[in-house]
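Notes to accompany the following structure.
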Amino acid sequence: MRTNSALRLLVLVTVVLLAAGWLSSCSSSGTQGSVAETTVVDDGEPMVEATTPATSTPEPSPIPPTHTPEPTPVPPTATPQVVSLVISEPAVIQSEDGEVLCVFFVENPSQDSGVERASYATTLLDADGKELKVVSEQPLPVLLPGQRIGVTVRASIEGGSVAKAEIALVASGASVARSELQSVIDRMPVAEILEVAPPNNPTFTAVTGVITNALDVDLVSPSVYIIAYDSAGQVVGGGRTYVGFVLPNDSSAFAQNIMLAGEVDRAEAYLDVTSFRHLQVPTTVTAGASAPILVNSGYGRNKRGTLEAVILLSNPNSGYRVWENVMMAAYAQDGSLLDVVWDQISLSPNTTMGLSRAMFLSSNAEVERVDFKVLAVSYKEAEAVPQFPYTVSQISAGSFGQVVTGEISNPTSEELAGLIVHAIAFDEVGQITGASRARVDSLPANGKADLEFDFALESTPAKVEFYPELDSRP
């Protein structure tokens with residue numbers, strides 16, 4: 001009986017150990033299966049109950065990694081290239097009366113950038129290096145990529161002999177990328193010399209030229225540097241002249257007396273524009289305003305040889321004063337330029353204004369034509385100015401031609417001092433035949449002043465009109 005009990009105990013232990021090992025292997029392998037629960041009945045005999053499937057926990061599906069796209073790289077903002085302009089050693093010319101001319105060249109060595117708003121100052125020195133005069137800061141012209149431009153500087157000194165000059169950059173200017181200037185590079189306006197006249201005295205000579213504008217915008221108030229050379233290529237003279245404007249796809253003439261210190265073999269002209277904006281932005285008429293109208297133009301040659309060029313302009317605007325730039329250029333029968341005059345006229349609202357300018361030509365110069373060009377450059381809101389009534393009293397013979405007398409009235413409540421009045425002469429069919437000017441020292445408020453004009457026309461005019469020249473400053 002003891003033997004049977006021991007045997008039963010041994011069987012029971014063996015079953016328990018086998019079950020524990022099997023469970024351990026299932027747990028370590030991760031395999032899901034059925035678990036058999038083993039119990040011991042009262043009589044000590046092991047009994048295996050019915051197996052119950054274990055609850056299966058499915059493994060989670062793998063989650064693919066989230067793909068974050070790389071950001072598109074943003075190109076860095078281009079930093080304008082700093083351009084170091086190259087300035088040549090200046091040439092110096094001094095006249096006996098103390099007038100000094102300095103001529104130098106400035107070059108933009110960059111092929112990638114243009115330069116604008118650079119400026120310089122000039123110092124005049126004697127042979128010992130003593131400072132005689134400093135010419136204050138002046139702007140340099142715009143420089144396209146790789147461009148070289150000649151510049152002239154005029155100054156006057158009292159005492160001392162100028163041996164040399166020093167040019168120092170005051171402002172290095174702003175760089176503009178070539179890509180922003182391509183339209184200008186392809187059609188940059190050009191200044192050219194037409195003729196260098198024989199010297200009219202040992203220290204000055206007349207030079208004529210033309211600016212050609214291939215751009216689609218007006219070129220307003222450019223200037224031109226003129227440099228003269230002898231046959232050896234040495235600088236012997238130069239100067240600078242201002243041009244009122246050049247219309248789009250057009251040309252404008254210039255004429256200038258330049259300082260001279262030797263015999264001229266040839267001359268060069270360099271255009272001076274101080275901002276690229278002037279080459280890219282068109283001149284526009286103010287919204288609500290209209291451009292002035294050219295009513296009439298003409299000229300007359302008097303007995304003294306003087307040519308009087310005349311233009312009549314009308315301002316159709318009731319609420320705007322307009323400032324109009326005017327060009328008058330006289331040409332000979334062979335097409336050569338005799339002279340050119342630039343001026344500005346101020347047009348009050350709803351008025352017609354006459355402007356005359358004299359050209360002093362040589363006695364043997366035969367005038368073939370006079371060209372007139374106009375450009376409105378400024379509009380400003382203004383009230384209408386009353387008309388200045390006038391009376392032409394008499395046209396009589398004078399010592400050189402005709403004398404015209406009359407009077408003009410001041411409709412305003414302000415005294416006008418130094419008023420210039422233009423007298424325009426017409427023939428029987430309304431063509432302009434000449435002009436004269438008179439100065440009124442004082443035109444009292446709501447008062448009158450007498451006028452007298454000296455004409456030297458070949459024939460007596462059929463009609464004369466008076467036009468006061470009011471303030472021309474914008």
Side-chain angles (χ1 to χ4, degrees), residues 82-95 98-110 113-157 160-175 188 190-193 196 203-205 207 209 222-242 254 256-262 264-275:
V82 177
V83 177
S84 298
L85 299 177
V86 179
I87 294 179
S88 70
E89 185 72 20
V92 179
I93 297 171
Q94 184 174 2
S95 65
E99 289 294 309
V100 178
L101 173 71
C102 297
V103 178
F104 67 93
F105 289 86
V106 58
E107 182 178 359
N108 174 12
S110 172
S113 301
V115 178
E116 64 180 353
R117 299 197 297 276
S119 62
Y120 70 98
T122 307
T123 303
L124 305 179
L125 308 168
D126 65 13
D128 297 325
K130 179 183 176 182
E131 181 181 295
L132 299 176
K133 186 171 186 176
V134 175
V135 182
S136 59
E137 179 182 0
Q138 294 178 306
L140 281 169
V142 298
L143 289 147
L144 295 174
Q147 189 176 21
R148 181 174 183 262
I149 288 180
V151 179
T152 66
V153 185
R154 285 282 298 274
S156 299
I157 63 169
S161 178
V162 179
K164 63 178 181 178
E166 293 179 349
I167 309 296
L169 280 177
V170 177
S172 57
S175 299
M188 182 69 179
V190 177
E192 299 175 282
I193 298 296
V196 179
T203 57
F204 287 92
T205 192
V207 175
S223 62
V224 178
Y225 293 110
I226 303 167
I227 301 175
Y229 303 86
D230 62 15
S231 57
Q234 298 298 311
V235 174
V236 293
R240 184 183 188 184
T241 186
Y242 292 87
F254 62 84
Q256 179 68 25
N257 285 331
I258 64 170
M259 189 172 171
L260 197 62
V264 179
D265 177 69
R266 63 183 178 88
E268 296 174 344
Y270 296 91
L271 184 65
D272 175 21
V273 179
T274 56
S275 172

Stepwise side chain to side chain contact (heavy atoms under 4.5 Å, CB included) test for Ile258 and Thr205: CA-CA 6 Å; Ile258 64 170; Thr205 192; 3.7 Å; yes

For Leu144, is there any backbone N or O sitting under 3.5 Å from a side-chain donor or acceptor partner on Asn108? yes

By side chain to side chain donor-acceptor pair (under 3.5 Å) - contacts of Ser95 (at least two apart): Asp97

With distance as the sole criterion, is a donor-acceptor pair present between the side chains of Thr152 and Arg240 under 3.5 Å? no

Looking only at heavy atoms, which two atoms of Ile193 and Glu268 are closest? And how far apart? CG1-C, 3.8 Å

Spacing of CG belonging to Asp230 relative to CZ belonging to Arg266, to within rounding of 0.5 Å: 9.0 Å

Looking only at heavy atoms, what is the nearest atom pair of Thr274 and Glu116, with distance? O-CB, 4.3 Å

Let's go through Ile226 and Phe254 carefully: what are the C-alpha distance in whole Å and the side-chain angles of both, what is the deciding distance for side chain to side chain contact (heavy atoms under 4.5 Å, CB included) to 0.1 Å, and is it a yes or a no? CA-CA 11 Å; Ile226 303 167; Phe254 62 84; 4.1 Å; yes

For the side chain of Asp128 and the backbone of Lys130, is there at least one donor-acceptor N/O pair under 3.5 Å apart? no

Once rounded to the nearest 0.5 Å, what's the spacing between atom CD of Glu166 and atom OH of Tyr120? 15.0 Å

To the nearest 0.5 Å, tell me how far Lys133 NZ sits from Leu125 CG. 13.5 Å

Flag the pair Ile227 / Phe105 as yes when at least one side-chain heavy-atom distance between them is below 4.5 Å, and no otherwise. yes

What residues form a salt bridge (Lys or Arg N to Asp or Glu O under 4.0 Å) with Arg148, not counting sequence neighbours? none

Between Glu137 and Ser119, does any side-chain donor sit less than 3.5 Å from a side-chain acceptor? yes

Dump the intermediate steps for side chain to side chain contact (heavy atoms under 4.5 Å, CB included) on Leu143 and Ser110, then the final yes or no. CA-CA 10 Å; Leu143 289 147; Ser110 172; over 6 Å; no

Distance, nearest 0.5 Å, that separates CG of Leu140 from CD1 of Ile87: 6.0 Å

Over all heavy atoms of both residues, which pair between Ser172 and Leu85 is shortest? Give the atoms and the distance, please. O-CD1, 4.4 Å

Side chain to side chain contact (heavy atoms under 4.5 Å, CB included), that's the test. Do Glu99 and Thr203 meet it? Break it down for me. CA-CA 10 Å; Glu99 289 294 309; Thr203 57; over 6 Å; no

Tyr229 and side chain to side chain contact (heavy atoms under 4.5 Å, CB included): which single residue from Val235, Asp265, Val103 fits? Val235

For Gln94 and Gly160, the nearest pair of non-hydrogen atoms, with its separation, is NE2-O, 3.2 Å

Can you tell me how far CG of Leu271 sits from OH of Tyr225, rounded to the nearest 0.5 angstrom? 10.5 Å

Residues Gln147 and Val142: closest non-hydrogen pair is OE1-O, 3.9 Å

Which heavy atom in Ser161 sits nearest to a heavy atom in Leu132, and how many Å separate them? O-CD1, 3.7 Å

